[in-house]
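Basis for what follows: all heavy atoms, side chains included, without hydrogens, waters or symmetry-related copies.
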Amino acid sequence: MITQITEGVKISVETIYQSEYSNPDRGHFMFAYHISIENLSDYTVQLISRYWKIFDAKGDYREVSGEGVVGEQPVIEPGQTHRYTSGCNLNSEFGFMEGYYNMVRTIDNGGFQVEIPRFNLIADYALN
């Protein structure tokens, strides 16, 4: 598991290769990632939007941005954690993702970015 703390918000990421949804013969590799967003600060925060950079071993690169995460803009109280699962497809068996969340403190609407640490996407069978 990969973790990072930015401005009192801890991001933890775990990845899983999804062989049942992948087709290596056609260059289609599917990964799931589980993210926990833990508010270690003294203030309630809300996740407003996300930004991802996605790379694969073939040199493909794409950017993804949008409101919230999986259709939600969660409000996270101090000491609370928001968890979600999403997915990413690659054209190769290796890659990585990194990015950030745009968040606000609800007490003053002060905006800040929370870094999402770089995490690897690797097909299980490629590790052997």
Would you sort out whether Asn39 and Thr81 count as a side chain to side chain contact (heavy atoms under 4.5 Å, CB included), showing the intermediate values? CA-CA 6 Å; Asn39 185 358; Thr81 301; over 6 Å; no
Could you please spell out the steps behind the side chain to side chain contact (heavy atoms under 4.5 Å, CB included) verdict for Val64 and Ile54? CA-CA 8 Å; Val64 176; Ile54 305 166; 3.8 Å; yes
Check against side chain to side chain contact (heavy atoms under 4.5 Å, CB included), Glu38 and Ser12: CA-CA 8 Å; Glu38 185 177 359; Ser12 301; 5.9 Å; no
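Atoms CD1 and OH, from Ile116 and Tyr100 in turn, are 9.5 Å apart once rounded to the nearest 0.5 Å. To the nearest 0.5 Å, the span separating CZ on Arg105 from CG on Asp42 amounts to 11.5 Å. Taken from CD1 in Ile35 to CD1 in Ile37, the straight-line distance is 6.5 Å, to the nearest 0.5 Å. Between Gln18 atom CD and Asp124 atom CG the span is 10.5 Å, to the nearest 0.5 Å. Between atom CZ of residue Phe112 and atom OG1 of residue Thr6 there is a gap of 9.0 Å, rounded to the nearest 0.5 Å.
Taking 4.0 Å as the cut-off between side-chain N and carboxylate O, Glu98 and Lys53 count as a salt-bridged pair.
For the pair Asn120 (side chain) and Ile122 (backbone), a donor-acceptor distance under 3.5 Å is absent. A distance-only check finds no donor-acceptor pair linking the side chain of Ser41 to the backbone of Gly8 [under 3.5 Å].
Nearest heavy-atom pair across Ile5 and Leu40 is CD1-CD1, 3.8 Å. Shortest non-hydrogen contact noted between Tyr17 and Pro24 is OH-CG, 3.9 Å. Residues Arg50 and Gly68 approach most closely at NH1-O, 2.9 Å, considering heavy atoms. Contact record, Thr15 with Leu121: CG2-CD2, 3.8 Å, taken as the closest heavy-atom pair.
With sequence neighbours left out, Ser65 forms a side-chain contact (heavy atoms from CB on, under 4.5 Å) with Tyr51.
Other residues, nucleotides and ligands contribute only 12 or fewer heavy atoms inside 6.0 Å of the OH atom of Tyr43.
Note on residues 10-25: no pairs pass salt bridge (Lys or Arg N to Asp or Glu O under 4.0 Å), not counting sequence neighbours.
Here the options are Val69, Leu47, Val45, the test is side-chain contact (heavy atoms from CB on, under 4.5 Å), and the partner is His82; only Val69 passes.
A 4.5 Å side-chain heavy-atom check between Ile2 and Arg118 finds every atom pair outside the cut-off. Contact of the Met97 side chain with the Cys88 side chain is registered, since non-hydrogen atoms from C-beta on lie closer than 4.5 Å. Using a 4.5 Å heavy-atom cutoff, the side chains of Asn23 and Phe29 are not in contact. Residues Ile11 and Ser36 have side chains not in contact (no heavy-atom distance under 4.5 Å, counting atoms from C-beta outward). Side-chain contact between Asp60 and Leu90 is absent, with no heavy atoms from C-beta onward closer than 4.5 Å.
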Using atom types as modelled, flag every donor-acceptor pair under 3.5 Å from a side chain in residues 72-79 to any protein atom, sequence neighbours excluded.
residue : atom : partner : partner atom : Å
Gln73   : NE2  : Ile48   : O            : 2.8
Glu77   : OE1  : Thr44   : OG1          : 2.8

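Between Phe119 and Phe96, a ring centre-to-centre spacing not shorter than 6.0 Å is recorded.
In this structure, Tyr33 and Tyr84 have perpendicular ring planes: the angle between them is above 60°, well past the 30° mark.
In this structure, a donor-acceptor pair under 3.5 Å is absent between the side chains of His28 and Ser22.
Using a 4.5 Å cut-off between side-chain heavy atoms of Ile, Leu, Val, Met, Phe, Trp and Tyr, with links allowed through other members, Tyr21 and Val70 fall into different hydrophobic clusters.
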